[in-house]
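To start, the structure under review is shown below, and the notes come after it.
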Amino acid sequence: MDKAKLRKQIRALKAKYNASAWTDSMLIMQTLEADEHFRSSKTVLLYHSLSDEVNTHTFIDKWCGQKLVLLPKVVDDDLELRIYHNASELQVGAFGISEPTGKLFTDYAQIDFVAVPGIAFDTKGNRLGRGKGYYDRLLPKLTNAYKAGICFPYQLVETVPTEPTDIKMDVVITLTT
Ligand code: ADP
Ligand code: MG
């Protein structure tokens, strides 16, 4: 299966799982919270979720007082990272994503942990994004970060098609039943 076809297939499934999306999101983020790599991390890159992604909003606000929380901002073809302290520092940017307006952060090697959204993942850690390659370009700079893909169970598939530029996750976190 090619990437475009898999993106379409997963998107078509979304409506079926809307009713449980919020509850499932809370449970998935609890699993993330229990991960030893997250627990020991000091500087974390999270993502401010869109409506089709595992919801991270309450999670971000819970942890921004305890760890240094960074969020991405789309700048042309790249993701810039900015420090997040509170919701007053969010502004809707490209693709309707709420983006940070805080201080620019460029010490990529300091980042211990990154939560990565995706359209689909497989159990080997391969990731399918929205098709613009933003995380494939960003993640190689995060030389010390443990990479956790975050998704709903219907987004975890047997095999995600890959290309050499695709960056693999260290773990995929989803709902554990
Ligand atoms: P996504 O990861 O968002 O699903 P793709 O993997 O399909 O998107 O990649 C989208 C585009 O970005 C592709 O044309 C790919 O060649 C390009 N790309 C990915 N990583 C890099 C990189 N490190 N440098 C330059 N282009 C890249
Ligand atoms: Mg990719």
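These numbers come from the heavy atoms of this one structure, side chains and all, not from hydrogens, waters or symmetry mates. Indexing begins at 1, ligand by ligand and atom by atom, following the structure's order.
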Examine Gly131 against ligand 1 and note whether any of their N/O atoms are separated by less than 3.5 Å.
yes
Does the ring center of Phe59 lie less than 6.0 Å from the ring center of Phe38?
yes
Got the closest protein heavy atom to atom 16 (O) of ligand 1, with its distance?
Thr165 OG1, 4.1 Å
Looking at Arg127, Arg137, Glu163, the heavy atom closest to atom 23 (N) of ligand 1 belongs to Arg137
With Arg82 as the cation and Tyr84 as the aromatic partner, state whether NZ or CZ is under 6.0 Å from the six-membered ring centre and within 45° of the axis.
no
Closer than 4.0 Å to some heavy atom of Asp166 - which atoms of ligand 1 meet that?
2 (O), 6 (O)
Minimum-distance protein heavy atom relative to atom 2 (O) of ligand 1:
Asp136 OD2, 2.8 Å
Say whether Tyr134, considering both its backbone and side-chain N or O atoms, lies within less than 3.5 Å of an N or O atom on ligand 1.
no
Given side chain to side chain contact (heavy atoms under 4.5 Å, CB included), test Ile60 with His48 step by step and report yes or no.
CA-CA 8 Å; Ile60 288 170; His48 197 277; 3.9 Å; yes
Atom 14 (O) of ligand 1 protein-contacted, heavy-atom criterion under 4.0 angstrom
no
Hey, what's the angle at the Mg ion (ligand 2) spanning OD2 (Asp136) and OD1 (Asp166), nearest 10 degrees?
100°
Under a 4.0 Å N-O cut-off, is there an ion pair linking Arg39 with Asp112?
no
Are Glu163 and Lys3 ion-paired here, with the side-chain N under 4.0 Å from a carboxylate O?
yes
Cluster check Ile150, Val171: I/L/V/M/F/W/Y, side chain < 4.5 angstrom
yes
Using a strict threshold of under 4.0 Å (side-chain N to carboxylate O), is an ion pair present between Arg130 and Glu53?
yes
If the cut-off is 4.0 Å to any non-hydrogen atom of Lys3, which atoms of ligand 1 fall inside it?
5 (P), 6 (O), 7 (O)
